[in-house]
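Before any comments, here is the structure.
Every heavy atom of this structure was used, including side-chain atoms; hydrogens, water molecules and symmetry mates were not.
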Amino acid sequence: MKKTVLMLTVILSIALFAGCGSQKAPASEPVTSEASGNVQTDAPDADTSAEEKQTADASSEDVQADSSAEAQSAAEDSGDEEEKTVTGTLDEVKDFMFVIRMEDDTCYAFAFDEKPEGLDELKVGDPVTVTYTGEVTEIDPFTGEIISVEKAE
């Protein structure tokens with residue numbers, strides 16, 4: 001038993017010394033050579049860092065240009081979107097969304113920031129017609145605006 005404990009201690013000590021001995025100095029600290037007294041740094045050459053900075057700046061400008069073009073096209077699309085309607089049964093109402101169940105048991109969730117007009121007068125189980133813009137699917141979140149929610153006849 002004592003031999004096992006002694007062997008484990010020796011192995012652990014060797015592993016710790018080997019692990020600690022392989023550490024490198026951080027890149028921000030200069031390393032001095034004792035033999036020559038010269039200071040060496042791990043920093044890249046000035047030319048290389050300037051080239052990398054220019055490449056990063058160009059990439060950043062490209063990303064910003066792409067983002068602004070996407071935002072502009074999204075703004076144009078939102079103004080041209082047509083109004084759509086869906087009729088079903090009001091299945092669930094929460095403070096931030098409501099769910100419409102279709103006759104084939106397909107459910108569509110409509111999320112909103114401000115409660116749409118007419119939703120307060122309805123209760124779960126009422127047949128409703130929702131007028132909206134954007135896209136609504138079973139899987140993806142609702143992307144658009146709710147124009148109105150009315151009781152269907």
Side-chain angles (χ1 to χ4, degrees), residues 4-5 8-9 11-31 39-153:
T4 306
V5 171
L8 287 174
T9 305
I11 292 172
L12 183 61
S13 297
I14 291 172
L16 285 174
F17 289 127
C20 292
S22 67
Q23 287 182 348
K24 237 182 151 177
S28 61
E29 295 179 14
V31 178
V39 176
Q40 300 174 346
T41 62
D42 291 336
D45 296 341
D47 295 336
T48 305
S49 63
E51 290 173 10
E52 290 174 359
K53 186 175 181 180
Q54 288 176 348
T55 303
D57 289 344
S59 297
S60 175
E61 289 172 2
D62 290 342
V63 169
Q64 289 175 349
D66 290 343
S67 297
S68 63
E70 288 174 8
Q72 185 177 5
S73 81
E76 290 172 359
D77 289 344
S78 65
D80 295 338
E81 286 186 11
E82 62 184 53
E83 290 184 4
K84 302 171 192 166
T85 60
V86 65
T87 301
T89 304
L90 188 60
D91 192 53
E92 183 179 357
V93 179
K94 294 187 178 185
D95 291 337
F96 60 94
M97 65 169 289
F98 62 93
V99 178
I100 302 296
R101 182 177 300 272
M102 308 303 290
E103 288 180 9
D104 62 353
D105 283 338
T106 304
C107 291
Y108 296 111
F110 291 88
F112 52 84
D113 293 328
E114 293 181 24
K115 195 172 264 192
E117 225 177 282
L119 188 59
D120 286 332
E121 291 88 34
L122 301 171
K123 59 184 181 213
V124 173
D126 285 347
V128 295
T129 300
V130 180
T131 305
Y132 64 96
T133 60
E135 293 294 321
V136 63
T137 65
E138 289 179 85
I139 300 170
D140 297 326
F142 173 63
T143 58
E145 183 181 345
I146 301 167
I147 308 297
S148 68
V149 181
E150 301 169 342
K151 190 168 186 172
E153 295 181 14

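Here side chain to side chain donor-acceptor pair (under 3.5 Å) pairs that include residues 98-107, with residues two or more places apart or in two chains, are D91-R101, D104-T106. For residues 107-120, the pairs satisfying salt bridge (charged side-chain N to carboxylate O under 4.0 Å, His left out) are K115-D120, with sequence neighbours left out.
Using a 4.5 Å heavy-atom cutoff, the side chains of V136 and V86 are not in contact. With contacts defined as side-chain heavy-atom distances shorter than 4.5 Å, the pair F98/I146 qualifies.
T87 and T129 share a side-chain donor-acceptor pair at under 3.5 Å.
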Considering only distance and modelled atom types, tabulate donor-acceptor pairs under 3.5 Å from the side chains of residues 137-144, sequence neighbours left out.
unit_1 : atom_1 : unit_2 : atom_2 : d
T137   : OG1    : D140   : N      : 2.9
T137   : OG1    : D140   : O      : 3.4

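Contacts of K94 classified as salt bridge (Lys or Arg N to Asp or Glu O under 4.0 Å), with partners at least two apart in sequence or in another chain: E92. The salt bridge (Lys or Arg N to Asp or Glu O under 4.0 Å) check on E145 picks up nothing, with sequence neighbours excluded. Partners of Y108 by ring-ring contact (aromatic ring centres under 6.0 Å, His included), not counting sequence neighbours: none found.
Residue K84 holds its NZ atom at 12.5 Å from OG1 of T131, rounded to the nearest 0.5 Å. The CG atom of L90 lies 5.0 Å from the CD1 atom of I100; values are rounded to the nearest 0.5 Å.
The heavy-atom pair separating A109 from M97 by the smallest distance is CB-CE, 3.5 Å.
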